[in-house]
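Heads up: the structure comes next, in structure tokens.
Chain A is the first sequence line, chain B the second, and so forth, proteins listed ahead of strands; every chain is numbered from 1.
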2 protein chains.
Amino acid sequence: MTGTRWLSTDEERAWRAVRRLLTVVPSRLARDLNQLGLSTADYEVLSTLSEKPDRRWGLKDFAEKMQWSRSRLSHHAARMEARGLIEREPDPSDARGSIYHLTDQGFEILAEAAPGHLDSVRGRFIDHLSADELAVLERISTRIADLPD
Amino acid sequence: MTGTRWLSTDEERAWRAVRRLLTVVPSRLARDLNQLGLSTADYEVLSTLSEKPDRRWGLKDFAEKMQWSRSRLSHHAARMEARGLIEREPDPSDARGSIYHLTDQGFEILAEAAPGHLDSVRGRFIDHLSADELAVLERISTRIADLPD
DNA sequence: GGATTTTCTTTGACACGTCAAAGAGCGTAG
DNA sequence: CTACGCTCTTTGACGTGTCAAAGAAAATCC
């Protein structure tokens, strides 16, 4: 064991607060989104797909872009396909590959859910921060997230 | 639909960064903890239990304290009991109730994992923030988490 | 060109969380 | 004291994520 330094009182209090943030924000956004008929994961898949000009994506790159494991994406895509939100076709240029694309229905559902989700992000997060705070938060977030894995 | 305001460029960039923080930090801490043989949930249960002087807690209050659903805690406790980390007994004062307490093994395992987890929190988060930043972050986190559900 | 290794997606088994329902005891109103 | 409603914990079904292994096609090496 390395020489462990315990947390100071300030650090401890701050860490407890941050831990709460880390649970509470995602769970509230998820709840709001559920009322629109989508899980957070669904929403991410749909919006990531829709950001690509042609709205199609091979699993490998798609998973990488989303920072998901391929297995996770494959599982989730299977479920979304069953619901008619996306479709898979074999990749003509590589017979091992699968290509995912949005169905019209998937696109519509995303379009319906997006404004509500945006309100949710505002109402549960962004609108409660000053521009300065948001800037600090972005710097911190980027720095931490960019640490080596 | 309410008059939806889209995100400004700054807000959008900041929100993307924060979203990344929200996924990446918990997942790294979870990974570190897994290597010590515990899930994040396990660790929370053990440490919450151990913080109580007598190390015993009835499910209802325990769940409330942890902000977990009773069902979730009951399920998770069943799994942890099977692993010998905690035990349940009937509540003598209310025959519907269940009382949870740490086993010696559970306490030992927590004691072994705690320093490593602490290093992890430092190395993946706290040590990369100045005292000022940590203070801002605590204020923000508290404010956001305390919003009405 | 044929064998071997690598890459890619899917599948299966399992741990986890949620929601709804079941099962049992408590509390109270009459 | 009995019947009703309320509260408590557990259970079951299901959607989800992870990890390991299977199955198939490419790429590489001789």
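- Not a single donor-acceptor contact under 3.5 angstrom links the side-chain atoms of A:His75 to the base of D:dG15.
- Residue-level contact check: B:Asp91 touches neither bases nor backbone, having no heavy atom under 4.0 Å from any strand.
- Across all strands, A:His76 comes closer than 4.0 Å only to sugar-phosphate atoms, never to a base (heavy-atom distances).
- In terms of heavy-atom proximity, B:Asp91 sits nearest to B:Ser98 at CB-N, 4.2 Å.
- Among the protein residues, A:Arg88 comes within range of the sugar-phosphate backbone only, with heavy atoms under 4.0 Å from sugar or phosphate atoms but none that close to a base.
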List the atom pairs, donor and acceptor, that lie under 3.5 Å between side-chain atoms in residues 56-74 of chain B and the rest of the protein, sequence neighbours left out.
from	atom 1	to	atom 2	distance (Å)
B:Arg56	NH1	B:Glu89	OE2	3.4
B:Arg56	NH2	B:Glu89	OE2	2.9
B:Ser69	OG	B:Arg72	N	2.9

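- Comparing B:Arg83 and A:Gly58 against DNA chain C, the residue whose closest nucleotide sits nearer the 5' end is A:Gly58.
- Considering only heavy atoms from C-beta on, B:His117 stays 4.5 Å or farther from B:Asp32 through its side chain.
- Using a 4.0 Å heavy-atom cutoff across all strands shown, A:Arg31 reaches no nucleic acid atom at all.
- If A:Asp42 and B:Asp94 are placed on DNA chain D by their nearest nucleotide, the residue sitting closer to the 5' end is B:Asp94.
- Remark: the backbone N or O of B:Arg88 is paired with a side-chain donor or acceptor of B:Glu81 at under 3.5 angstrom.
- Counting only heavy atoms from C-beta outward, the side chains of B:Arg28 and A:Leu147 approach each other to under 4.5 Å.
- The interatomic distance linking A:Leu38 (CG) with D:dT16 (C1') rounds to 15 Å, in whole Å.
- Each of B:Gly97 and A:Arg79 was assigned the nucleotide of DNA chain D with the nearest heavy atom; the assignment lying further toward the 5' end belongs to B:Gly97.
- A:Arg124 places a side-chain N or O within donor-acceptor distance of the main-chain N or O of B:Asp149, the cut-off being under 3.5 Å.
- The stretch residues 59-74 of chain A touches DNA chain D through A:Ser69, A:Ser71, A:Arg72, each having a heavy atom within less than 4.0 Å of the strand.
- The CZ-P distance, from B:Arg96 to C:dG25, rounds to 10 Å in whole Å.
- Between the CD1 atom of A:Ile86 and the P atom of C:dT9 there is a distance of 13 Å, given to the nearest Å.
- With salt bridges taken as basic N to acidic carboxylate O contacts below 4.0 Å, one links B:Asp146 and A:Arg20.
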